[in-house]
Amino acid sequence: MKKQIFFFAGWLVLVLCIPLQATEPDQLVGRYYLHGVREVGSELLLKNDGSYAWMLAYGNEDHTSEGRWSRQGNSIVLTAIVPTATGPLFQLDTKKK
C-alpha cells in the first residue's frame, strides 16, 4: 500500500506541475519541482530531444524513471524505458589482482 501511495503521488506531481495551456512543446521543456509537500522531494526534467528524467524521494524511498515524453492534447504522456530481462540491472565487478 505504501508504494502505491508513492507512485500515485509521483504521477499526481506530473499532472499538477506542467502548464498544459502552453501551445508549443518547446514551452514545456524545463525542470519542474514539487512544492508544498513536507519531507518529499520530486523533480521532472523535460528535455528538448523528447526525453525525460523523473525522481521522487521520501525518507528512504527513492523512485526514478527515464524515457520519452510527448504532448497528446491536454496531457503529457511519459513512456518509461524498461530494462530488458536478459541481464541483471547491476553486476559486481570483481577483478583479480
Side-chain angles (χ1 to χ4, degrees):
M1 179 68 173
K2 186 177 179 181
K3 287 188 178 187
Q4 291 172 340
I5 292 171
F6 287 123
F7 287 117
F8 175 75
W11 290 110
L12 185 60
V13 168
L14 299 179
V15 171
L16 295 177
C17 71
I18 299 174
L20 294 180
Q21 68 273 12
T23 57
E24 298 294 324
D26 287 347
Q27 293 176 329
L28 298 173
V29 170
R31 294 180 182 270
Y32 299 87
Y33 302 96
L34 176 65
H35 294 283
V37 181
R38 293 185 56 179
E39 301 178 14
V40 179
S42 185
E43 178 181 1
L44 172 65
L45 171 61
L46 300 179
K47 299 179 184 178
N48 274 331
D49 65 0
S51 64
Y52 79 88
W54 169 82
M55 65 77 60
L56 175 76
Y58 178 74
N60 67 351
E61 294 278 336
D62 293 336
H63 301 279
T64 62
S65 175
E66 293 182 347
R68 309 289 302 165
W69 72 274
S70 63
R71 181 173 179 176
Q72 295 179 6
N74 288 331
S75 300
I76 297 295
V77 176
L78 303 179
T79 305
I81 298 171
V82 180
T84 63
T86 59
L89 291 175
F90 301 98
Q91 183 173 351
L92 179 61
D93 185 16
T94 58
K95 295 182 181 179
K96 294 182 181 181
K97 295 182 179 181

Nearest-0.5 Å distance, CD1 of residue Ile76 to OG of residue Ser70
7.5 Å

Shortest non-hydrogen pair, Tyr58 vs Glu39, comes out as CD1-O, 3.0 Å

In short, Tyr52 meets Ser65 closest at the heavy-atom pair OH-OG, 2.6 Å

Would you say Trp69's side chain and Leu45's backbone share a donor-acceptor pair under 3.5 angstrom?
no

Without swapping roles, check the side chain of Arg68 against the backbone of Asp49 for a donor-acceptor pair under 3.5 Å.
yes

Side-chain donor or acceptor of Ser42 paired with backbone N/O of Met55 under 3.5 Å:
yes

Treat each ILVMFWY residue as a node, draw an edge where side-chain heavy atoms are under 4.5 Å apart, and state whether Val77 and Val29 are in one component.
no

To the nearest 0.5 Å, tell me how far Gln27 CD sits from Arg71 CZ.
8.5 Å

Summary of salt bridge (Lys or Arg N to Asp or Glu O under 4.0 Å) pairs that have at least one residue in residues 27-38, sequence neighbours excluded:
Arg31-Glu43

Return the minimal non-hydrogen interatomic distance between Ala57 and Asp62, and the atom names on each side.
CB-OD1, 3.3 Å

Residues Leu46 and Leu28: closest non-hydrogen pair is CD1-O, 3.5 Å

